[in-house]
Each structure stands twice: as C-alpha cells, then as structure tokens.
Amino acid sequence: MLVPPPHPISKWLVTTDWLAANLGAPGLVVLDGSYYLPAMKRDAAAEYLAGHIPGAVRFDIDAVADHSTDLPHMLPSPESFATAVGKLGVSDQDTIVAYDGHGIFASPRVWFTFRLFGAKNVFILEGGLPKWKQEGRPLESAPVSRPVKTFAARKDRDVVASLERVQQALASHSAQVVDARPAERFRGEAPEPRPGVRSGRMPGSYNVPSTSVVKDGLLLSPDQLRQAFTAGGLDLDKPVITSCGSGVSAAILWLALDALGKEPAALYDGSWSEWGARADLPVATGPA
C-alpha cells in the first residue's frame, strides 16, 4: 500500500512533491473535491474541465449526498456512498488524495467523508491546486474515468452530530460547539448566503473562523492553531463539536484540531443551514 511520509503539521497532509512523484502509482486515487460558496462566484465543474491534476477524478459533494433533504450536501447513507464512489473508481483500500481549487477549503470535507465511511488512507494535498499551479506542475483538461471498483462502506464511529445532539450539548455543556463561519456571520452582522436562513449563531456556541487556521492554502503551525482556538474561547481539553454554514468548513476545524491531537467528538452536518432555517430555534446576535 502506498503511504506518504509523515507531514510535520498533520499526518493527513501530503506535499505536492510527493504527489507529483507518485502520480499514476497503483492504488493511488486523486480527487478534485472543489466546492465554492455562491459568493465566491466560481464554477467548480467548469474549472475541473478547464484544468486539473493529471488523473484526478471529480468528486462533487453536492452529487454524492443525501438527496432526500433540502439541506445542502448532507452526508449520504453508507450504501449510497459506496455505490457512488465505486462508480468513480475508488476503493476503500486505495490511497486517496483530495485537493480543491481554493487551497484547503472543501478538501477536508472530502477527507472527513471518506474516513467516516471506512477508508483508512485518505489525505489532503497541502496547498491544493493553487500551490500545484504556482509550482508549474502539469495539468490536464476533460473528465477522467476509472474502472468501477468496490467500496466497502461502513460507519465505525458516531461522529456525525444531529440537531438533537447539538441541542443537548449546548444545554448540558457536555461539548463545546465551535462555528467555523466568519465572525461577521457568527455575530449576525452579515447576511447568510442561503435564502431563508437567519443571521446569527447558536446561543452558547464558540467562533473560530476557518480562515484563522488556514492561510494561503496551508494549515498553520501547531502553535498558531492552538492560539486560534484559545482566542475563540475553547478549552482544548474538553469535547468539541465542529459546525459551520453547511458542514464544509467544519471539517477544516476538524483537521486543525486533529493536528493538535484533539480530534473532535463530532461534526454537525446540518450546521447553520439547518439551525438558522428553523424558526423554532433560538438565535443569538452581537458579540459573544
């Protein structure tokens, strides 16, 4: 099995040098997991067709999702996930490297999802596609197809938090709910990008914007990560549930906490898209 050398910041990161040296190796699958918020005004599918890392398969978090809900890109069932990624040519035994076109934005969500469903060797490309391009490395256009494989999906742990579990954590203080959205959205000073979702935050939640743990597509050093979480008021020795707008940047906080040896208790998949759309749930605004 192809295993990258340990990265000094996180065991789940791989360098562009390593990926370039191993492209095309048996058992290696590269996934373009790019996803953008509406405000970013970027088209992930079009950008993939225009130029991606050679051999990379597009992984669309909106397509490989639970389509029985109106909430965006919610996690699918293990059976649905296995069918979808098997068709993409991905096995749970492969070494998987996910990247995105922003640097480190959506790739941690892809990493979290594959690990949730039982893949053990899933990594994130440090710096993503921007760093790959800056280094003048090759790109290819047009879609990539791989032979169909079998993905044996399973959920080993209860690390996806429901609304009820988050409510219980907030009420009992059994876990700290930390929100990765920008501070302006957390305080209710900026509108939400999705129609029908109120501005503000879950009362009692904490704010550590994902931009405070990643810079220029690179995960910050452990000392800087620790400072970011401490500045947000978190006690790193207590359980954490990560949250955000729709479960994407919550995975960035998961990656950052894992790098500190503090893997979270759960990720709230519905996040603010669910909570903020519910008129029966309380909302706090202003400084925390």
Side-chain angles (χ1 to χ4, degrees), residues 33-48 58-77 80-81 84 100-113 116 160-167 169-170 177-214 232 241-255 266-286 288:
S34 299
Y35 161 82
Y36 303 110
L37 294 170
M40 294 177 174
K41 299 187 185 327
R42 295 177 63 175
D43 185 330
E47 289 186 17
Y48 169 79
R58 173 151 164 70
F59 182 86
D60 184 350
I61 64 172
D62 282 320
V64 185
D66 178 2
H67 299 294
S68 68
T69 174
D70 291 335
L71 295 173
H73 41 255
M74 294 296 97
L75 292 162
S77 68
S80 295
F81 181 82
D100 64 64
H102 196 266
I104 290 184
F105 180 62
S107 50
R109 170 71 179 199
V110 179
W111 163 80
F112 174 86
T113 303
L116 171 70
V160 180
S162 64
L163 170 63
E164 292 73 24
R165 183 173 172 187
V166 172
Q167 287 177 301
L170 290 167
V177 180
V178 57
D179 192 325
R181 290 178 301 152
E184 296 78 11
R185 287 170 59 190
F186 181 80
R187 294 193 298 260
E189 298 166 357
E192 286 298 303
R194 294 178 179 84
V197 178
R198 296 169 293 169
S199 297
R201 65 180 178 274
M202 292 171 265
S205 60
Y206 298 83
N207 185 215
V208 178
S210 60
T211 52
S212 69
V213 299
V214 172
I241 296 174
T242 64
S243 179
C244 60
S246 61
V248 176
S249 54
I252 300 175
L253 295 189
W254 188 295
L255 177 69
L267 180 150
Y268 178 22
D269 199 26
S271 285
W272 192 248
S273 291
E274 180 176 34
W275 189 290
R278 290 273 299 265
D280 59 323
L281 296 177
V283 171
T285 57

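No hydrogens, no waters, no symmetry mates; every other heavy atom, side chains included, goes into these values. Please read all numbers here as calculations on a predicted model, not as lab measurements.
For Phe186, there are no ring-ring contact (aromatic ring centres under 6.0 Å, His included) partners two or more places apart in sequence or in a different chain. With sequence neighbours left out, the salt bridge (charged side-chain N to carboxylate O under 4.0 Å, His left out) criterion links Asp100 to no other residue. With sequence neighbours excluded, the residues satisfying side-chain contact (heavy atoms from CB on, under 4.5 Å) with Ala44 are Ser34, Tyr36, Arg58. Considering only residues two or more places apart in sequence or on other chains, Ala266 meets the side-chain contact (heavy atoms from CB on, under 4.5 Å) condition with Ala161, Arg165, Ile241. In this view, Arg201 satisfies the salt bridge (charged side-chain N to carboxylate O under 4.0 Å, His left out) rule with no residue, not counting sequence neighbours. Annotation: side-chain contact (heavy atoms from CB on, under 4.5 Å) contacts of Pro191 (sequence neighbours excluded): none. Scanning for salt bridge (charged side-chain N to carboxylate O under 4.0 Å, His left out) contacts around Glu192 gives Arg181, Arg185, with sequence neighbours left out. Tyr48 is linked by a ring-ring contact (aromatic ring centres under 6.0 Å, His included) to His52, counting only residues two or more places apart in sequence or in another chain. Contacts of Tyr206 classified as ring-ring contact (aromatic ring centres under 6.0 Å, His included), with partners at least two apart in sequence or in another chain: none. Take Ser210 and apply the side-chain contact (heavy atoms from CB on, under 4.5 Å) test, not counting sequence neighbours, and it matches Ala180, Ser249, Ile252. With sequence neighbours left out, Glu189 forms a salt bridge (charged side-chain N to carboxylate O under 4.0 Å, His left out) with Arg187.
Scanning both residues, Pro282 and Pro203, for their nearest heavy atoms gives O-CD, 3.4 Å. Nearest heavy-atom pair, Asp60 versus Asp62, reported as atom, atom and distance to 0.1 Å: OD1-N, 2.9 Å. Considering every non-hydrogen atom in both Ser107 and Gly103, the closest pair reads OG-O, 4.3 Å. Summarising the geometry of Ser246 relative to Ser273, their closest heavy-atom pair is CB-OG, 3.6 Å, with the distance given to 0.1 Å. Here the shortest heavy-atom pairing between Ser199 and Val283 reads O-CG1, 3.2 Å. Scanning both residues, His73 and Ile61, for their nearest heavy atoms gives CB-O, 3.2 Å.
Contact annotation: the side chain of Val160 approaches that of Leu116 to within less than 4.5 Å [non-hydrogen atoms, C-beta and beyond]. Looking only at side-chain heavy atoms (C-beta outward), Val213 and Leu253 come within less than 4.5 Å of each other. Looking at Phe112 and Leu75, their side chains come closer than 4.5 Å, going by heavy atoms from C-beta outward.
With rounding to the nearest 0.5 Å, the separation of OG1 in Thr113 from CZ in Phe81 is 6.5 Å. In this structure, Leu163 CG and Leu281 CG are separated by 5.5 Å, a value rounded to the nearest 0.5 Å. The OG atom of Ser243 sits 8.5 Å away from the CH2 atom of Trp272 when rounded to the nearest 0.5 Å. Atoms CH2 and CG, on Trp275 and Asp179 in that order, are 11.5 Å from each other to the nearest 0.5 Å.
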Query - Stepwise side chain to side chain contact (heavy atoms under 4.5 Å, CB included) check, Val177 with Tyr268 - result: CA-CA 9 Å; Val177 180; Tyr268 178 22; 5.6 Å; no
**Report entry** His102 vs Met40, side chain to side chain contact (heavy atoms under 4.5 Å, CB included): CA-CA, chis, key distance, verdict
**Finding:** CA-CA 10 Å; His102 196 266; Met40 294 177 174; 4.2 Å; yes
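Ring-plane geometry between Phe105 and Tyr35 is classed as parallel, the angle between the planes falling under 30 degrees on a 0 to 90 degree scale with a further cut at 60.
With Ser212 contributing its side chain and Pro209 its backbone, the two residues share a donor-acceptor pair below 3.5 Å. Of the possible polar contacts, one joining the Thr69 side chain to the Leu71 backbone as a donor-acceptor pair under 3.5 Å is found. A donor-acceptor pair is defined here as one N or O able to donate and one able to accept, closer than 3.5 Å; no such pair exists between the side chain of Arg194 and the backbone of Pro72.
Checked for salt-bridge contact, Arg109 and Asp269 meet the test: a charged N lies under 4.0 Å from a carboxylate O.
Listed by first then second residue, pairs satisfying salt bridge (Lys or Arg N to Asp or Glu O under 4.0 Å) with a partner in residues 274-286 read Arg278-Asp280, not counting sequence neighbours.
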